[in-house]
Number of protein chains: 2
Amino acid sequence: MARVPYREQMLQVRENAIVEVVNRLLATKGYDLMTVDEVAAEAGLAKASLYKHFTSKDELAGAAMVRVLELAIAHVNELLKAPDRTPVAQLQSVVRWTLQVQLAGEMPSLPAQNSKLSASLRANRKYMDRLFELSDKLGAWIEQAQKDGQVDPALPSELVLYTLFARACDPVLGMLKASGQYSDPQMIEWLVATTFRGLAPGLPS
Amino acid sequence: MARVPYREQMLQVRENAIVEVVNRLLATKGYDLMTVDEVAAEAGLAKASLYKHFTSKDELAGAAMVRVLELAIAHVNELLKAPDRTPVAQLQSVVRWTLQVQLAGEMPSLPAQNSKLSASLRANRKYMDRLFELSDKLGAWIEQAQKDGQVDPALPSELVLYTLFARACDPVLGMLKASGQYSDPQMIEWLVATTFRGLAPGLPS
DNA sequence: GTCTATAGCCAGATAGAC
DNA sequence: GTCTATCTGGCTATAGAC
């Protein structure tokens, strides 16, 4: 164990706190309504100090995305310790986890078509690394599930991957939640069921 | 036929042109990146003149949403002329239509969680009227499809409705399109198939 | 109703002292 | 690295002449 200087630890702790604030604000208000002033205020430091840690608003968003990707990867790694489960069961567990994060108000949401932010994210090496890492792990399960016939082999595996990513920010959950009529587990199971039933092979006709 | 004054017709034509510009810009850049200057420039009039027609940017967005809802309702009304088709076939046709609109780059996208704009839309009577009208028509088909057992009766009908609305702006289509490997009809059929297979009843087990 | 010109504001980013 | 104070640009919206 290399010894980490005390000051660096403090820095890390502070930056983590900032990123958590960003994450929550992105989840509740979205990128455009989140202001840097607000982030600074909630994190308890001046805006100029914030800019010493992160050089732009884009970078703040990127850090939050990296954080959630790392959480997802950690979850996947936990699942890999139970290799007796079927690939499709593993995938379902991942989707269930993303829905729980969404219900907890902790899933950051970025504007899908904001070209400036998208470009910034694509240029963010840490973000892209994590994204590929997660995609690879999920991709392996997807292809295995297709071989097993639990996911329709006629579908391109990337379609399946995109679908799972899309469910992580699916507005349906929020709309159901807003109606206030259903329990969290009930909603999650409906969404998991409809998602994977949709990806399953059709009846051999 | 009541005679409509020439000037009013011209007004109408011009406002339609404006709304189409707004629609395209909302579809390509989204609400936040769309500027009123840009709308005015592309519509070929000065910004101040634009504000004589629409009193705010919110109202512009509202008009574009009304337009697309009216197109959807018109499509549904066409389908109602073929009452021999099953309810689920009608619903599939509607989803297929929304995906085509999306592929054509004509599906306006608003920030889901922008509270200011959401509030403005909820206060927009014309928008709310159209939204309810469309929901009612789709809801009738949904409940019939559930009685017929083509859509899972165990699912709340509003979940089905929300799912269909969500597919109209599903990012999966854009991601597939970006990969450039598949034809438009192929992508649309995959999405329609996975959506409705997901909503269908499970195997009686 | 159309234009030019501008007001007013807000948010991202920075200067410079400590 | 932290702060206060400020700059800057771009955006919505409006004034006022025609």
Side-chain angles (χ1 to χ4, degrees), chain A residues 4-19 21-22 25-26 28-64 110-111 113-121 123-124, chain B residues 4-19 21-22 25-26 28-64 110-111 113-121 123-124:
Chain A
V4 179
Y6 177 74
R7 284 187 186 281
E8 274 189 30
Q9 285 186 37
M10 286 295 92
L11 187 81
Q12 201 58 46
V13 166
R14 185 147 218 192
E15 294 195 347
N16 286 345
I18 293 171
V19 173
V21 167
V22 171
L25 288 176
L26 283 182
T28 54
K29 325 183 66 169
Y31 181 79
D32 299 287
L33 267 69
M34 177 187 85
T35 69
V36 178
D37 289 89
E38 203 175 10
V39 174
E42 296 213 16
L45 78 174
K47 182 161 59 166
S49 309
L50 184 59
Y51 272 95
K52 298 283 183 180
H53 295 276
F54 301 90
T55 65
S56 72
K57 185 182 178 185
D58 288 358
E59 200 180 308
L60 280 175
L110 303 183
Q113 309 222 10
N114 181 329
S115 53
K116 191 157 157 275
L117 181 56
S118 306
S120 159
L121 276 182
N124 185 327
Chain B
V4 178
Y6 177 73
R7 284 185 185 280
E8 274 189 30
Q9 285 187 37
M10 284 294 93
L11 187 80
Q12 201 58 46
V13 165
R14 184 148 220 190
E15 294 197 347
N16 286 345
I18 293 170
V19 174
V21 167
V22 172
L25 288 176
L26 283 182
T28 54
K29 326 183 62 169
Y31 181 78
D32 298 287
L33 268 67
M34 176 187 85
T35 71
V36 179
D37 290 87
E38 202 175 10
V39 174
E42 296 213 15
L45 79 173
K47 183 161 57 166
S49 309
L50 184 59
Y51 272 96
K52 298 282 183 182
H53 294 275
F54 300 91
T55 65
S56 71
K57 185 182 177 182
D58 288 358
E59 201 179 309
L60 279 175
L110 303 182
Q113 309 222 10
N114 181 329
S115 54
K116 188 156 159 276
L117 181 57
S118 306
S120 160
L121 275 181
N124 185 328

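Below, chains carry the letters A, B, ... as their sequence lines are ordered, and counting in each starts from 1.
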Engineer: Measuring from A:L33:CG to A:L25:CG, what's the distance to the nearest 0.5 Å?
Structural biologist: 10.5 Å
Engineer: How many Å lie between CG on B:L50 and P on C:dA5, as a whole number?
Structural biologist: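 Answer to the nearest Å: 19 Å.
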Engineer: Among the nucleotides D:dC3, C:dC3, C:dG12, which one has an atom lying closest to any side-chain atom of A:S49?
Structural biologist: D:dC3
Engineer: Nearest whole angstrom, please: distance from the C1' of C:dC9 to the NZ of B:K116.
Structural biologist: 12 Å
Engineer: What distance separates B:K52 NZ from B:L50 CG, expressed to the nearest 0.5 Å?
Structural biologist: 12.0 Å
Engineer: Using whole Å, what does the distance between atom P of nucleotide C:dT2 and atom CG of B:L11 come to?
Structural biologist: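 Checked: the CG to P distance equals 8 Å.
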Engineer: Does the pair B:Y31 and B:D58 meet the rule for a side-chain contact (heavy atoms from CB on, under 4.5 Å), with working shown?
Structural biologist: CA-CA 9 Å; B:Y31 181 78; B:D58 288 358; 2.4 Å; yes
Engineer: Could you grab the distance from atom NZ of A:K29 to atom OG1 of A:T35, nearest 0.5 Å is fine?
Structural biologist: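 A:K29 atom NZ to A:T35 atom OG1 measures 6.5 Å (nearest 0.5 Å).
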Engineer: Looking across every strand, which nucleic acid part, if any, lies under 4.0 Å from A:K57 by heavy atom: base, sugar-phosphate, or nothing?
Structural biologist: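 Since only primed, P, OP1 and OP2 atoms lie under 4.0 Å of A:K57, the category is sugar-phosphate.
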Engineer: NZ of A:K52 versus P of C:dC18: gap in Å, rounded?
Structural biologist: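 Roughly 15 Å, once rounded to whole Å.
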Engineer: Would you indicate what A:T35 reaches in the nucleic acid, counting non-hydrogen atoms under 4.0 angstrom: base, sugar-phosphate, or nothing?
Structural biologist: sugar-phosphate
Engineer: Taking atom C1' of C:dA11 as reference, at what distance in whole Å does atom CE of A:M34 sit?
Structural biologist: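 Nearest whole value for this atom pair: 12 Å.
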Engineer: Check the pair A:H53 / A:L60 against side-chain contact (heavy atoms from CB on, under 4.5 Å), numbers first and verdict last.
Structural biologist: CA-CA 9 Å; A:H53 295 276; A:L60 280 175; over 6 Å; no
Engineer: State whether B:R14 places a side-chain N or O below 4.0 Å from either non-bridging phosphate oxygen (OP1 or OP2) of C:dT2.
Structural biologist: yes
Engineer: If you only use heavy atoms from C-beta on, which nucleotide in C:dT4, C:dT2, C:dG12 is closest to the side chain of B:A48?
Structural biologist: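 Closest nucleotide to the B:A48 side chain: C:dT4.
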Engineer: Is A:M10 touching bases, backbone alone, or none of the nucleic acid, heavy atoms closer than 4.0 Å?
Structural biologist: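 No contact at all - A:M10 keeps every heavy atom at 4.0 Å or more from the nucleic acid.
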Engineer: Using a 4.0 Å heavy-atom cut-off, does A:S56 contact any base of the nucleic acid, only the sugar-phosphate backbone, or nothing at all?
Structural biologist: sugar-phosphate
Engineer: CD of B:Q12 versus C1' of C:dG1: gap in Å, rounded?
Structural biologist: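 From B:Q12 CD to C:dG1 C1': 16 Å.
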Engineer: Output the rounded distance in Å from NZ (B:K47) to P (C:dG8).
Structural biologist: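 Taking atom P of C:dG8 as the reference, NZ of B:K47 is at 15 Å.
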Engineer: Please state how far atom CG in A:D37 lies from atom P in C:dG12, giving the value in whole angstrom units.
Structural biologist: 7 Å
